[in-house]
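Report on one structure; see the data block that follows.
Note that ligands are numbered from 1 as they come in the structure, with each ligand's atoms numbered from 1 the same way. Quick caveat, the model's predicted, so the values are computed rather than measured.
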Amino acid sequence: MKTDTLFHGESCIHFCAIFPDMEATDTAFIRALPKIELHCHIEGTLEPELVFDLAERNGIGLSYPSVESLREAYSFTRLQDFLDIYYEGMNVLRTEQDFFDLTWAYLVRGNAQNLRHTEIFFDPQGHVDRGIPFETAVLGITSALDRAEREFGISSELVMCFLRHLDEQEAFRTLDQAEPFRDRIIAVGLDSSERGNPPEKFERVFQEAARRGYRRVAHAGEEGPPEYVYGALDSLGVERVDHGNSCLEAPELVRRLVREQVPLTVCPLSNLRLCVVESMERHPLAEMLDHGLKATVNSDDPAYFGGYMNENLEAVAGALDLGRDQLVQLTRNAVDAVFAPQSRRQALNDELDKFLASADG
Ligand code: HPA
Ligand code: ZN
(Lines give C-alpha, C1' and ligand atoms only; values in the text may rest on other atoms or scores of the structure.)
(Ligands and ions follow the chains in the order given, each with its own letter.)
Protein backbone atom coordinates (compact mmCIF):
# COMPACT_ATOMS: atom_id res chain seq x y z
CA MET A 1 0.00 0.00 0.00
CA LYS A 2 1.34 3.42 -0.90
CA THR A 3 1.30 5.69 2.07
CA ASP A 4 0.45 8.82 0.08
CA THR A 5 -2.95 7.40 -0.83
CA LEU A 6 -3.83 7.00 2.81
CA PHE A 7 -4.25 10.64 3.69
CA HIS A 8 -7.39 12.52 2.95
CA GLY A 9 -9.08 15.79 3.58
CA GLU A 10 -8.00 18.94 5.35
CA SER A 11 -7.31 18.73 9.03
CA CYS A 12 -4.80 19.84 11.58
CA ILE A 13 -1.98 18.02 9.81
CA HIS A 14 -0.19 17.90 6.49
CA PHE A 15 1.32 14.95 4.72
CA CYS A 16 4.85 16.30 4.96
CA ALA A 17 4.49 16.72 8.69
CA ILE A 18 3.82 13.00 9.00
CA PHE A 19 6.73 11.63 7.01
CA PRO A 20 9.43 14.30 7.11
CA ASP A 21 12.20 11.79 7.10
CA MET A 22 10.94 8.78 5.21
CA GLU A 23 14.21 7.98 3.45
CA ALA A 24 15.97 7.60 6.76
CA THR A 25 13.27 5.33 8.15
CA ASP A 26 13.98 1.64 8.15
CA THR A 27 10.87 0.73 6.18
CA ALA A 28 12.06 -2.70 5.04
CA PHE A 29 12.81 -3.67 8.65
CA ILE A 30 9.43 -2.39 9.82
CA ARG A 31 7.56 -4.23 7.09
CA ALA A 32 9.30 -7.52 7.81
CA LEU A 33 8.96 -7.27 11.60
CA PRO A 34 6.39 -9.74 13.02
CA LYS A 35 3.66 -7.51 14.39
CA ILE A 36 1.22 -7.65 17.27
CA GLU A 37 -1.75 -5.31 17.59
CA LEU A 38 -3.51 -4.66 20.88
CA HIS A 39 -5.66 -1.64 20.11
CA CYS A 40 -7.79 -1.75 16.99
CA HIS A 41 -11.55 -1.12 16.89
CA ILE A 42 -12.87 -3.45 14.21
CA GLU A 43 -15.55 -0.91 13.27
CA GLY A 44 -12.71 1.57 12.74
CA THR A 45 -11.31 -0.61 9.94
CA LEU A 46 -14.35 0.13 7.78
CA GLU A 47 -12.83 1.61 4.62
CA PRO A 48 -15.02 3.98 2.55
CA GLU A 49 -15.09 1.50 -0.36
CA LEU A 50 -16.62 -1.12 1.93
CA VAL A 51 -19.12 1.44 3.29
CA PHE A 52 -20.38 1.91 -0.27
CA ASP A 53 -20.41 -1.84 -1.06
CA LEU A 54 -22.34 -2.68 2.10
CA ALA A 55 -24.75 0.23 1.65
CA GLU A 56 -25.58 -1.04 -1.82
CA ARG A 57 -25.91 -4.66 -0.68
CA ASN A 58 -28.25 -3.64 2.16
CA GLY A 59 -30.22 -1.00 0.24
CA ILE A 60 -29.10 1.86 2.48
CA GLY A 61 -28.87 5.45 1.24
CA LEU A 62 -25.71 7.38 2.14
CA SER A 63 -25.37 11.10 2.69
CA TYR A 64 -22.13 11.18 0.66
CA PRO A 65 -22.24 10.94 -3.14
CA SER A 66 -18.90 9.13 -3.55
CA VAL A 67 -16.10 7.25 -1.83
CA GLU A 68 -13.89 10.32 -2.28
CA SER A 69 -16.39 12.67 -0.66
CA LEU A 70 -16.71 10.31 2.30
CA ARG A 71 -12.93 10.20 2.68
CA GLU A 72 -12.81 13.97 2.53
CA ALA A 73 -15.13 14.08 5.52
CA TYR A 74 -12.42 12.39 7.60
CA SER A 75 -11.10 15.65 8.95
CA PHE A 76 -11.08 15.90 12.71
CA THR A 77 -9.97 18.34 15.36
CA ARG A 78 -10.98 16.27 18.37
CA LEU A 79 -12.23 12.83 19.39
CA GLN A 80 -15.93 13.72 19.20
CA ASP A 81 -15.67 14.82 15.50
CA PHE A 82 -14.38 11.36 14.73
CA LEU A 83 -16.89 9.49 16.90
CA ASP A 84 -19.84 11.18 15.15
CA ILE A 85 -18.70 9.88 11.78
CA TYR A 86 -17.58 6.51 13.18
CA TYR A 87 -21.07 5.76 14.57
CA GLU A 88 -22.65 6.92 11.30
CA GLY A 89 -20.34 4.62 9.30
CA MET A 90 -21.32 1.59 11.39
CA ASN A 91 -24.89 1.88 10.21
CA VAL A 92 -24.09 -0.10 7.02
CA LEU A 93 -23.18 -3.18 9.13
CA ARG A 94 -26.37 -5.24 9.23
CA THR A 95 -25.77 -8.95 8.68
CA GLU A 96 -23.36 -11.59 9.95
CA GLN A 97 -21.81 -11.56 6.46
CA ASP A 98 -21.18 -7.79 6.77
CA PHE A 99 -19.29 -8.30 10.05
CA PHE A 100 -17.37 -11.17 8.49
CA ASP A 101 -16.40 -9.07 5.45
CA LEU A 102 -15.32 -6.17 7.67
CA THR A 103 -13.13 -8.34 9.87
CA TRP A 104 -11.76 -10.39 6.99
CA ALA A 105 -10.67 -7.25 5.10
CA TYR A 106 -8.70 -6.15 8.20
CA LEU A 107 -7.05 -9.55 8.53
CA VAL A 108 -6.10 -9.73 4.84
CA ARG A 109 -4.38 -6.36 5.22
CA GLY A 110 -2.83 -7.56 8.45
CA ASN A 111 -1.48 -10.64 6.75
CA ALA A 112 0.09 -8.48 4.04
CA GLN A 113 1.78 -6.50 6.85
CA ASN A 114 3.04 -9.57 8.71
CA LEU A 115 0.55 -9.24 11.56
CA ARG A 116 0.95 -12.31 13.78
CA HIS A 117 -1.48 -11.66 16.63
CA THR A 118 -4.27 -9.17 17.20
CA GLU A 119 -6.62 -8.38 20.08
CA ILE A 120 -9.47 -6.44 18.50
CA PHE A 121 -12.18 -4.32 20.10
CA PHE A 122 -15.80 -4.26 19.09
CA ASP A 123 -18.64 -2.01 20.24
CA PRO A 124 -21.74 -4.20 20.73
CA GLN A 125 -23.89 -1.29 21.91
CA GLY A 126 -23.22 0.49 18.61
CA HIS A 127 -25.03 -2.39 16.92
CA VAL A 128 -27.62 -3.63 19.43
CA ASP A 129 -28.96 -0.08 19.82
CA ARG A 130 -29.66 -0.06 16.04
CA GLY A 131 -31.55 -3.35 16.26
CA ILE A 132 -28.70 -5.65 15.22
CA PRO A 133 -28.55 -8.67 17.55
CA PHE A 134 -25.41 -9.09 19.66
CA GLU A 135 -24.85 -12.53 18.13
CA THR A 136 -24.87 -11.19 14.54
CA ALA A 137 -21.78 -9.09 15.30
CA VAL A 138 -19.95 -11.75 17.35
CA LEU A 139 -20.59 -14.60 14.95
CA GLY A 140 -19.50 -12.59 11.89
CA ILE A 141 -16.36 -11.30 13.61
CA THR A 142 -15.32 -14.63 15.13
CA SER A 143 -15.80 -16.62 11.92
CA ALA A 144 -13.33 -14.25 10.19
CA LEU A 145 -10.91 -14.55 13.15
CA ASP A 146 -11.11 -18.35 12.97
CA ARG A 147 -10.47 -18.37 9.23
CA ALA A 148 -7.45 -16.06 9.61
CA GLU A 149 -5.98 -18.38 12.22
CA ARG A 150 -6.39 -21.34 9.86
CA GLU A 151 -5.25 -19.63 6.67
CA PHE A 152 -2.70 -17.06 7.85
CA GLY A 153 -1.67 -18.30 11.28
CA ILE A 154 -2.81 -14.97 12.77
CA SER A 155 -3.98 -15.63 16.32
CA SER A 156 -6.49 -13.32 17.96
CA GLU A 157 -8.59 -12.40 20.96
CA LEU A 158 -11.79 -10.38 21.12
CA VAL A 159 -12.39 -7.50 23.55
CA MET A 160 -15.89 -6.11 24.10
CA CYS A 161 -16.00 -2.38 24.83
CA PHE A 162 -18.68 -0.48 26.75
CA LEU A 163 -19.59 2.92 25.34
CA ARG A 164 -18.78 5.35 28.14
CA HIS A 165 -21.23 8.03 26.98
CA LEU A 166 -24.04 5.58 27.81
CA ASP A 167 -25.04 4.72 31.36
CA GLU A 168 -24.02 1.97 33.76
CA GLN A 169 -27.29 0.06 33.36
CA GLU A 170 -26.74 -0.27 29.63
CA ALA A 171 -23.24 -1.60 30.21
CA PHE A 172 -24.64 -4.21 32.64
CA ARG A 173 -27.20 -5.24 30.00
CA THR A 174 -24.37 -5.66 27.47
CA LEU A 175 -22.43 -7.81 29.92
CA ASP A 176 -25.47 -10.09 30.20
CA GLN A 177 -25.93 -10.25 26.42
CA ALA A 178 -22.33 -11.48 26.14
CA GLU A 179 -22.96 -14.52 28.38
CA PRO A 180 -23.63 -17.03 25.56
CA PHE A 181 -20.31 -15.98 23.97
CA ARG A 182 -18.31 -16.01 27.19
CA ASP A 183 -15.69 -18.34 25.73
CA ARG A 184 -15.02 -16.04 22.75
CA ILE A 185 -14.60 -12.72 24.55
CA ILE A 186 -11.46 -12.44 26.63
CA ALA A 187 -11.81 -8.94 28.06
CA VAL A 188 -14.00 -5.91 28.56
CA GLY A 189 -12.91 -2.41 27.58
CA LEU A 190 -14.19 1.16 27.74
CA ASP A 191 -14.26 3.56 24.78
CA SER A 192 -16.12 6.50 23.17
CA SER A 193 -16.29 10.09 24.53
CA GLU A 194 -13.75 10.30 27.33
CA ARG A 195 -14.16 13.79 28.78
CA GLY A 196 -17.02 13.98 31.25
CA ASN A 197 -17.26 10.17 31.45
CA PRO A 198 -14.69 9.18 34.08
CA PRO A 199 -13.79 5.53 34.71
CA GLU A 200 -15.53 5.55 38.11
CA LYS A 201 -18.90 5.61 36.28
CA PHE A 202 -18.24 1.95 35.35
CA GLU A 203 -16.58 0.69 38.52
CA ARG A 204 -19.37 -1.75 39.41
CA VAL A 205 -19.69 -3.13 35.87
CA PHE A 206 -15.96 -3.79 35.70
CA GLN A 207 -16.09 -5.42 39.14
CA GLU A 208 -18.84 -7.74 37.91
CA ALA A 209 -16.96 -8.42 34.66
CA ALA A 210 -13.89 -9.41 36.70
CA ARG A 211 -16.06 -11.69 38.84
CA ARG A 212 -17.22 -13.40 35.63
CA GLY A 213 -13.60 -13.93 34.60
CA TYR A 214 -13.02 -11.18 32.03
CA ARG A 215 -9.68 -9.41 31.71
CA ARG A 216 -9.96 -5.61 31.80
CA VAL A 217 -8.69 -2.69 29.72
CA ALA A 218 -9.92 0.89 29.27
CA HIS A 219 -9.23 3.96 27.16
CA ALA A 220 -7.77 6.58 29.47
CA GLY A 221 -5.64 9.67 29.04
CA GLU A 222 -6.36 10.14 25.34
CA GLU A 223 -8.20 13.43 25.86
CA GLY A 224 -8.84 12.93 29.56
CA PRO A 225 -6.53 14.02 32.41
CA PRO A 226 -4.08 11.83 34.36
CA GLU A 227 -6.81 11.34 37.00
CA TYR A 228 -8.66 9.18 34.44
CA VAL A 229 -5.60 6.93 34.14
CA TYR A 230 -5.54 6.59 37.93
CA GLY A 231 -9.28 5.85 37.76
CA ALA A 232 -8.77 3.13 35.15
CA LEU A 233 -6.13 1.49 37.37
CA ASP A 234 -7.78 1.92 40.76
CA SER A 235 -11.53 1.82 40.06
CA LEU A 236 -11.60 -0.48 37.04
CA GLY A 237 -8.56 -2.64 37.80
CA VAL A 238 -7.29 -2.56 34.21
CA GLU A 239 -4.27 -4.58 33.13
CA ARG A 240 -3.54 -2.36 30.12
CA VAL A 241 -4.26 1.32 29.50
CA ASP A 242 -5.45 2.22 26.01
CA HIS A 243 -3.62 5.41 24.92
CA GLY A 244 -2.48 6.77 28.31
CA ASN A 245 -0.79 9.84 26.78
CA SER A 246 -1.72 12.25 29.57
CA CYS A 247 0.20 10.18 32.15
CA LEU A 248 3.24 12.24 31.15
CA GLU A 249 1.69 15.24 32.89
CA ALA A 250 1.97 13.41 36.23
CA PRO A 251 5.48 12.20 37.21
CA GLU A 252 4.20 10.09 40.11
CA LEU A 253 1.80 8.30 37.75
CA VAL A 254 4.62 7.64 35.29
CA ARG A 255 6.69 6.14 38.12
CA ARG A 256 3.78 3.89 39.08
CA LEU A 257 3.13 2.73 35.49
CA VAL A 258 6.83 1.95 35.12
CA ARG A 259 7.02 0.20 38.50
CA GLU A 260 3.95 -1.91 37.74
CA GLN A 261 4.95 -2.33 34.08
CA VAL A 262 1.44 -1.47 32.90
CA PRO A 263 1.29 -1.68 29.09
CA LEU A 264 0.11 1.41 27.19
CA THR A 265 -1.48 0.81 23.79
CA VAL A 266 -0.35 3.96 22.01
CA CYS A 267 -1.82 4.98 18.62
CA PRO A 268 0.40 7.52 16.84
CA LEU A 269 -1.62 8.31 13.68
CA SER A 270 -4.81 8.44 15.72
CA ASN A 271 -3.18 10.92 18.11
CA LEU A 272 -2.13 13.06 15.17
CA ARG A 273 -5.47 12.96 13.35
CA LEU A 274 -7.42 13.72 16.54
CA CYS A 275 -5.00 16.50 17.46
CA VAL A 276 -3.95 14.82 20.71
CA VAL A 277 -0.44 15.74 19.54
CA GLU A 278 0.52 18.81 17.47
CA SER A 279 2.80 16.96 15.09
CA MET A 280 4.39 13.52 14.86
CA GLU A 281 7.73 15.08 15.84
CA ARG A 282 6.12 16.01 19.14
CA HIS A 283 4.61 12.61 19.75
CA PRO A 284 5.62 11.38 23.25
CA LEU A 285 6.36 7.76 22.24
CA ALA A 286 10.16 8.08 22.45
CA GLU A 287 9.84 9.85 25.79
CA MET A 288 7.59 7.04 27.03
CA LEU A 289 10.23 4.46 26.09
CA ASP A 290 12.95 6.57 27.72
CA HIS A 291 10.99 6.56 30.97
CA GLY A 292 10.74 2.76 30.80
CA LEU A 293 6.99 2.78 30.16
CA LYS A 294 5.72 -0.37 28.48
CA ALA A 295 4.51 1.38 25.32
CA THR A 296 3.22 -0.43 22.24
CA VAL A 297 2.21 0.90 18.79
CA ASN A 298 -1.27 0.29 17.37
CA SER A 299 -3.59 1.58 14.66
CA ASP A 300 -6.82 2.35 16.63
CA ASP A 301 -9.18 3.12 13.70
CA PRO A 302 -6.96 2.67 10.66
CA ALA A 303 -9.58 3.39 7.98
CA TYR A 304 -10.18 6.81 9.53
CA PHE A 305 -6.70 7.80 10.66
CA GLY A 306 -4.58 6.99 7.62
CA GLY A 307 -2.84 3.74 8.30
CA TYR A 308 -2.51 0.25 9.71
CA MET A 309 0.42 -1.13 11.74
CA ASN A 310 3.19 -0.52 9.18
CA GLU A 311 2.10 3.05 8.52
CA ASN A 312 1.95 3.81 12.25
CA LEU A 313 5.40 2.38 12.87
CA GLU A 314 6.88 4.10 9.82
CA ALA A 315 5.36 7.46 10.75
CA VAL A 316 6.60 7.40 14.31
CA ALA A 317 10.02 5.94 13.45
CA GLY A 318 10.54 8.62 10.80
CA ALA A 319 9.43 11.54 12.93
CA LEU A 320 11.16 10.47 16.15
CA ASP A 321 14.18 8.82 14.56
CA LEU A 322 13.54 5.51 16.31
CA GLY A 323 16.20 2.86 15.79
CA ARG A 324 15.79 -0.87 15.44
CA ASP A 325 16.30 -1.39 19.17
CA GLN A 326 13.32 0.81 19.93
CA LEU A 327 11.16 -0.85 17.26
CA VAL A 328 12.01 -4.23 18.73
CA GLN A 329 11.33 -2.97 22.26
CA LEU A 330 7.86 -1.83 21.17
CA THR A 331 7.20 -5.29 19.74
CA ARG A 332 8.54 -7.10 22.82
CA ASN A 333 6.32 -4.89 24.96
CA ALA A 334 3.34 -5.99 22.88
CA VAL A 335 4.27 -9.67 23.21
CA ASP A 336 4.50 -9.28 26.99
CA ALA A 337 1.10 -7.54 27.06
CA VAL A 338 -0.98 -10.07 25.09
CA PHE A 339 -3.93 -11.78 26.77
CA ALA A 340 -3.32 -14.91 24.68
CA PRO A 341 -2.24 -18.07 26.54
CA GLN A 342 1.41 -18.38 27.65
CA SER A 343 2.14 -20.94 24.91
CA ARG A 344 1.15 -18.43 22.23
CA ARG A 345 3.13 -15.64 23.93
CA GLN A 346 6.18 -17.88 23.88
CA ALA A 347 5.66 -18.69 20.18
CA LEU A 348 5.40 -14.98 19.36
CA ASN A 349 8.62 -14.29 21.26
CA ASP A 350 10.35 -17.16 19.46
CA GLU A 351 9.19 -15.82 16.12
CA LEU A 352 10.56 -12.40 16.95
CA ASP A 353 13.91 -13.92 18.01
CA LYS A 354 14.09 -15.87 14.76
CA PHE A 355 13.33 -12.76 12.73
CA LEU A 356 16.02 -10.77 14.56
CA ALA A 357 18.59 -13.52 14.02
CA SER A 358 17.87 -13.50 10.30
CA ALA A 359 17.85 -9.68 10.14
CA ASP A 360 21.32 -9.62 11.73
CA GLY A 361 22.73 -12.22 9.42
N1 HPA B 1 -11.14 6.72 21.40
C2 HPA B 1 -12.27 6.48 22.06
N3 HPA B 1 -13.24 5.74 21.57
C4 HPA B 1 -13.07 5.18 20.37
C5 HPA B 1 -11.92 5.37 19.67
C6 HPA B 1 -10.89 6.18 20.20
O7 HPA B 1 -9.82 6.43 19.62
N8 HPA B 1 -12.07 4.67 18.51
C9 HPA B 1 -13.26 4.07 18.55
N10 HPA B 1 -13.88 4.38 19.68
ZN1 ZN C 1 -9.23 3.31 20.63
Side-chain angles (χ1 to χ4, degrees), residues 11-13 36-47 51 74-91 93 102-103 106 118-130 137 141 157-166 170-171 174 187-199 201-202 216-225 228-229 231-232 236 238 240-247 263-277 283 285 295-309 312 334 337:
S11 73
C12 54
I13 46 129
I36 289 127
E37 175 143 71
L38 301 175
H39 183 159
C40 178
H41 304 259
I42 200 61
E43 297 89 346
T45 69
L46 184 57
E47 292 284 346
V51 171
Y74 294 177
S75 164
F76 318 113
T77 56
R78 61 196 178 116
L79 176 60
Q80 195 60 49
D81 297 346
F82 156 71
L83 290 171
D84 293 343
I85 215 161
Y86 168 82
Y87 294 122
E88 193 184 333
M90 271 183 211
N91 186 41
L93 297 164
L102 171 74
T103 310
Y106 162 72
T118 184
E119 301 192 352
I120 60 170
F121 298 140
F122 80 118
D123 285 329
Q125 289 159 294
H127 311 303
V128 172
D129 292 359
R130 309 182 276 116
I141 293 168
E157 300 291 350
L158 188 55
V159 179
M160 164 177 89
C161 287
F162 302 119
L163 298 181
R164 69 199 303 160
H165 67 274
L166 301 180
E170 291 172 273
T174 304
V188 296
L190 188 64
D191 65 2
S192 194
S193 319
E194 188 179 5
R195 281 201 201 122
N197 293 297
K201 184 175 163 186
F202 296 94
R216 288 163 285 170
V217 298
H219 284 53
E222 180 184 20
E223 282 192 345
Y228 283 26
V229 179
L236 305 183
V238 300
R240 300 196 297 240
V241 173
D242 296 315
H243 294 293
N245 299 46
S246 72
C247 75
L264 305 181
T265 62
V266 180
C267 305
L269 286 173
S270 164
N271 291 159
L272 189 65
R273 295 294 287 256
L274 299 183
C275 304
V276 169
V277 295
H283 194 282
L285 185 71
T296 65
V297 165
N298 307 271
S299 71
D300 208 2
D301 300 281
Y304 294 90
F305 299 146
Y308 290 76
M309 285 296 289
N312 271 277

(message) Is the distance from the ring center of His243 to that of Tyr228 below 6.0 Å?
(response) no
(request) Verify the ring-centre separation between Tyr304 and His41: is it less than 6.0 angstrom? (result) no
(message) Using a 4.0 Å cut-off to any heavy atom of Phe82, which atoms of ligand 1 qualify?
(response) 5 (C), 8 (N), 9 (C)
Looking only at protein heavy atoms, which one is nearest to [atom], and how far off is it?
{"atom": "atom 8 (N) of ligand 1", "result": "Asp301 OD2, 2.7 Å"}
{"atom": "atom 1 (N) of ligand 1", "result": "Glu222 OE1, 2.8 Å"}
{"atom": "atom 7 (O) of ligand 1", "result": "Asp300 OD2, 2.8 Å"}
{"atom": "atom 5 (C) of ligand 1", "result": "His41 NE2, 3.6 Å"}
{"atom": "atom 3 (N) of ligand 1", "result": "Ser192 N, 2.8 Å"}

(message) Below a 4.0 angstrom heavy-atom separation, can you tell me which part of Glu43, side chain or backbone, both or neither, approaches ligand 1?
(response) neither
(request) Would you kindly specify which portion of Tyr86 sits under 4.0 Å from ligand 1, judged on non-hydrogen atoms: side chain, backbone, both or neither? (result) side chain
(message) Below 3.5 Å, N or O to N or O, backbone or side chain included: is there any such pair between His39 and ligand 1?
(response) no
Out of the N/O/S atoms in [X], what is the name of the one closest to the Zn ion (ligand 2)?
{"X": "His41", "value": "NE2"}
{"X": "His219", "value": "NE2"}
{"X": "Asp300", "value": "OD1"}
{"X": "His39", "value": "NE2"}

